[in-house]
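Residue numbers run from 1 in the order of the sequence given. These numbers come from the heavy atoms of this one structure, side chains and all, not from hydrogens, waters or symmetry mates. Remember, predicted model here, so these are calculated numbers, not experimental data.
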Amino acid sequence: MKLGFIGTGALTAAIVTGLKSAADNSVSVLLSPRNQEIAASLALRYRDVRIAPDNQAVLDSCETIMLAVRPQIAHDVLAGLQFRRDHHVVSLIATLSREEIAALTAPVEHVTKALPMPMIAHRQGATIICPHDRRMAAFFGRLGKVIEVDDPSEFDALSVVTATFASYFKYLDTIQGWLKQHGVADARAHDYIATIFKALANAPETTPDTGFVDLAQDYATRGGINEQVLRELTARNVFDAFAESLDGVHRRISAGAAPRTGPPS
């Protein structure tokens, strides 16, 4: 595979890093020159990663093209490029529909949407693919778990999960800040929190038939401190507010992913 990237940001860096840490890392990679710092760093680290003089050179030299530009500039970047019918385009742009990408990359016949996460650099996490794509499932399967769906609306709904990462770390930071106020050193607090929540994250895998609400009940012993925090947060509608935020993200993704009825703006 000759793999080319249009857009060289953090996600591109994560994919390339994970790919080059795999046992079979023979894929040659050609990067667009955008974000010269990241591109130069990757080219310096890996001998078969090169930087193209421009985006068109990426298309001219590669069969598989991953689109990793920000959605705000995607139309401007892609509109001036000449794609081939035999290109396999993999869009990493969550808020643009597959139909819209297909229109922007015509006459390409094979367009796949994929949503990998930054932890793919360590070959962890999961990548969503739509529709089913045997070749891309095998590719991303070397970098973590792959979840294939055929329904674009299901892809959009799953994409909303990725909007919760920052809040998760803010949750942990709140705990660490509280511990600091009570005399616990930052390093010790960080170590304890990271270890505990890593173990909690394994619970759904160690008990795959147990739902999340059941796990919550298992930890919320009647009259215990877990039950107290859960009850108080529920009473303050924290989880309802969280669900409303997810609704808002879903509306944003769905609106952006819906096929356009007019010319691109």
Side-chain angles (χ1 to χ4, degrees), residues 10-11 14 18 92 94-95 113-130 140 143-149 151-257:
L11 190 52
L92 311 181
T95 57
K113 288 195 68 174
L115 189 60
M117 291 295 100
M119 59 281 287
I120 203 171
H122 307 288
R123 290 186 287 149
Q124 297 176 354
T127 297
I128 316 166
I129 295 176
C130 182
F140 283 110
L143 306 178
K145 186 178 181 64
V146 172
I147 298 175
E148 294 184 271
V149 298
D151 186 351
S153 63
E154 186 176 5
F155 182 93
D156 292 344
L158 288 168
S159 299
V160 173
V161 176
T162 67
T164 66
F165 299 166
S167 299
Y168 169 75
F169 288 114
K170 180 60 179 176
Y171 179 80
L172 300 187
D173 178 69
T174 300
I175 300 172
Q176 183 176 1
W178 186 92
L179 288 173
K180 182 177 181 179
Q181 291 175 1
H182 288 76
V184 181
D186 274 343
R188 182 171 290 112
H190 183 280
D191 185 39
Y192 183 59
I193 293 167
T195 302
I196 288 296
F197 277 87
K198 181 179 180 180
L200 284 174
N202 288 330
E205 290 190 0
T206 56
T207 56
D209 296 328
T210 304
F212 294 120
V213 69
D214 297 317
L215 288 171
Q217 291 173 352
D218 288 345
Y219 281 91
T221 305
R222 185 180 298 276
I225 55 178
N226 267 272
E227 183 192 52
Q228 177 183 338
V229 173
L230 179 60
R231 182 181 65 248
E232 292 175 358
L233 292 180
T234 301
R236 292 170 183 165
N237 297 318
V238 170
F239 301 110
D240 290 339
F242 183 45
E244 289 176 5
S245 292
L246 298 182
D247 286 338
V249 172
H250 187 247
R251 287 191 294 269
R252 179 178 174 184
I253 289 177
S254 299

Peer 1: Can you tell me how far SG of C130 sits from CD1 of I147, rounded to the nearest 0.5 angstrom?
Peer 2: 12.5 Å

Peer 1: Less than 4.5 Å apart, any side-chain heavy atom of W178 and any of D173?
Peer 2: no

Peer 1: Closest heavy-atom contact between I128 and S159?
Peer 2: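 Smallest heavy-atom distance, with atoms named: CD1-N, 4.2 Å.
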
Peer 1: Run the side-chain contact (heavy atoms from CB on, under 4.5 Å) test against T127 and tell me which residues pass, sequence neighbours left out.
Peer 2: A114, P116, I120, I129, F140

Peer 1: Rounded to the nearest 0.5 Å, how far apart are OG of S153 and NE2 of H250?
Peer 2: 7.0 Å

Peer 1: Between P118 and L11, what is the shortest heavy-atom contact and its length?
Peer 2: N-CD1, 4.4 Å

Peer 1: If you look only at pairs with a residue in residues 190-217, which of them pass as a side chain to side chain donor-acceptor pair (under 3.5 Å), with sequence neighbours excluded?
Peer 2: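 Found none.
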
Peer 1: Can you pull the side chain to side chain donor-acceptor pair (under 3.5 Å) pairs that have at least one residue in residues 219-236, sequence neighbours excluded?
Peer 2: Q228-E232

Peer 1: What pairs of residues pass the salt bridge (charged side-chain N to carboxylate O under 4.0 Å, His left out) test when at least one of them lies in residues 238-248, not counting sequence neighbours?
Peer 2: none

Peer 1: Under the side chain to side chain contact (heavy atoms under 4.5 Å, CB included) criterion, do L92 and L115 qualify, and how do the steps go?
Peer 2: CA-CA 6 Å; L92 311 181; L115 189 60; over 6 Å; no

Peer 1: Could you tell me which residues satisfy salt bridge (charged side-chain N to carboxylate O under 4.0 Å, His left out) with D186, sequence neighbours excluded, listed by chain and number?
Peer 2: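 Salt bridge (charged side-chain N to carboxylate O under 4.0 Å, His left out) check on D186 returns K180.
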
Peer 1: Find out whether D156 and V160 are in side-chain contact, i.e. whether some heavy atom of one side chain is under 4.5 Å from a heavy atom of the other.
Peer 2: no

Peer 1: Any heavy-atom pair between the side chains of T164 and L246 that's under 4.5 Å?
Peer 2: yes

Peer 1: Which residues pass the side-chain contact (heavy atoms from CB on, under 4.5 Å) test with I193, not counting sequence neighbours?
Peer 2: L172, I175, Q176, L179, F197

